[in-house]
**Q** 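One structure coming up, written as structure tokens, with questions to follow.
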Amino acid sequence: MAAFTLAHLSDPHLAPQHKPRLSELAGKRALGYLNWTRNRYKYHRRDILDLLISDLHAQMPDQIAVTGDLVNFALESEFPIAQAWLRTVGPPDRVTAIPGNHDAYVRSTRLRFAESFADYFGGDAAGPATFPSLRRRGPLALISLSSAVPSAPFMATGRIGSAQLAALELLLESLAHEQLFRVLLVHHPLRSAHRMKRLTDAKKLIALLARHGVELILHGHDHVHSTIWIDGPERKIPVVGVPSASSIAHGHYPAAAYNMFAISSDGNHWRCDMTVRAVNEALRVREIREVRLL
């Protein structure tokens, strides 16, 4: 079969267009906004994000996955901005978007992502959009999880929760006998060196995947290139993270990038080749590496 292409980007962190009201800057938002105005606004730039999306469109992927952190503080005014931007990325039938911790930054708006983007993550089955969701696209089974939960100040942890994990197990069992390339989308990495940024129930998710398996796991959150491998029932599973889609290079964080996966099958065997495209110092997007994952 001809290769089916899936593009993956994450963490655009779209800048708020209006200064928040004082009443909106309580608790964690106040700290986040202070951090944004002092540092983060310098690194997350809309011109970089637009450059990356323009290049992505030129590659003409069959599907696009966006793994969270569309906004920064989960202000009511941020969600229409994110909706408008996501429409420029592509229509809901070609783009799957899941929430990150910044999209559920505080309890008062923790449900706004689901309300605003249901058509971008809702599954193929009729009924309300919930997590986990399943979208069949060509040879792919795109399985979306939400690890986005409000957390305490200075924390950026995530959690899947027992209900999602139980539903995911049933979903994977139902797909076991179908010839599908299963791609799991989650915002937080499955392993983290930072206690304040970890997925708190990662061990339970990893154990579940060791029993049932998927072919590929995509995440964001850490804003760096990363590939680790976890155990599956028959072979190792690649877990791939990507830098922020709007970032300039700073400190140990690389410049904005996205990954393109070319997926094909030869009988009962899948092949998956990853191409990494990133913004360079001349503000051009170029291929920086190609890796065969499967």
Side-chain angles (χ1 to χ4, degrees), residues 9-50 52 66-86 97-117 120-121 145-161 186-189 192-200 202 219-224 241-256:
L9 65 145
S10 196
D11 298 78
H13 287 285
L14 293 156
Q17 293 185 357
H18 305 287
K19 184 177 180 179
R21 299 187 302 272
L22 188 61
S23 61
E24 295 176 304
L25 293 179
K28 184 169 183 174
R29 273 192 184 143
L31 294 170
Y33 189 69
L34 180 63
N35 189 30
W36 174 265
T37 55
R38 284 186 172 182
N39 293 299
R40 288 172 63 91
Y41 83 94
K42 304 174 189 175
Y43 308 132
H44 293 287
R45 290 174 26 183
R46 181 60 185 260
D47 62 321
I48 298 295
L49 178 60
D50 291 345
L52 201 75
V66 184
T67 52
D69 280 0
L70 276 66
V71 303
N72 286 286
F73 320 111
L75 296 162
E76 290 288 353
S77 59
E78 287 182 287
F79 289 96
I81 296 168
Q83 286 177 306
W85 172 77
L86 196 57
I98 64 170
N101 55 295
H102 280 264
D103 303 313
Y105 206 61
V106 294
R107 294 184 182 278
S108 62
T109 52
R110 68 188 185 279
L111 302 179
R112 287 291 284 118
F113 185 96
E115 295 165 353
S116 300
F117 301 105
Y120 277 94
F121 73 83
L145 293 177
S146 173
S147 60
V149 293
S151 58
F154 305 108
M155 300 293 284
T157 52
R159 186 178 71 252
I160 304 299
V186 60
H187 178 69
H188 287 76
S192 177
H194 305 287
R195 180 180 177 276
M196 295 185 297
K197 299 180 67 174
R198 75 194 191 284
L199 181 65
T200 58
H219 70 84
H221 192 53
D222 282 345
H223 297 192
V224 295
V242 69
S244 163
S246 63
S247 181
I248 60 171
H250 61 286
H252 72 277
Y253 296 108

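In what follows, residues are counted from 1 in the order of the sequence shown. Quick note: numbers below take in every heavy atom, side chains included, and nothing from hydrogens, waters or symmetry partners.
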**Q** Quick check: do Glu76 and Thr109 have side-chain heavy atoms less than 4.5 Å from each other?
**A**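 Result yes, sub-4.5 Å side-chain heavy-atom pair found.
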**Q** Judged by modelled atom types alone, do His44 and Ser244 share a side-chain donor-acceptor pair under 3.5 Å?
**A** yes
**Q** Any idea which heavy atoms bring Pro12 and Ser246 closest together, and the distance?
**A**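 Scanning both residues, the minimum pair turns out to be O-OG, 2.6 Å.
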**Q** Do Tyr120 and Val66 have side chains that get closer than 4.5 Å, going by heavy atoms?
**A**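 No; the side chains remain at least 4.5 Å from each other.
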**Q** Does any donor atom in the side chain of Asn72 or His102 lie under 3.5 Å from an acceptor atom in the other side chain?
**A**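 There is no such pair (donor and acceptor under 3.5 Å, judged by atom type) between the side chains of Asn72 and His102.
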**Q** Counting C-beta onward and ignoring hydrogens, is there a side-chain heavy-atom pair between His187 and Asp11 closer than 4.5 Å?
**A**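 Yes. Closest side-chain heavy atoms under 4.5 Å.
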**Q** Is atom CZ of Arg40 surrounded by more than 12 heavy atoms (other residues, nucleotides or ligands) closer than 6.0 Å?
**A**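 Atom CZ in Arg40 is packed in, count exceeds 12.
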**Q** Would you please test Tyr43 and His13 for side chain to side chain contact (heavy atoms under 4.5 Å, CB included) and show each step?
**A** CA-CA 10 Å; Tyr43 308 132; His13 287 285; over 6 Å; no
**Q** Taking all atoms of both residues into account, what is the closest heavy-atom pair of Phe79 and Asp103, and its distance?
**A** CZ-O, 3.8 Å
**Q** Under the salt bridge (Lys or Arg N to Asp or Glu O under 4.0 Å) test, which residues partner Arg107, sequence neighbours left out?
**A**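 If we apply the salt bridge (Lys or Arg N to Asp or Glu O under 4.0 Å) test to Arg107, skipping adjacent residues, there are no hits.
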**Q** Arg45: which residues meet the salt bridge (Lys or Arg N to Asp or Glu O under 4.0 Å) condition with it, sequence neighbours left out?
**A** Asp47
**Q** Count the heavy atoms of every other residue, nucleotide or ligand shown that sit under 6.0 Å from CE of Met196, and state whether that count exceeds 12.
**A** no
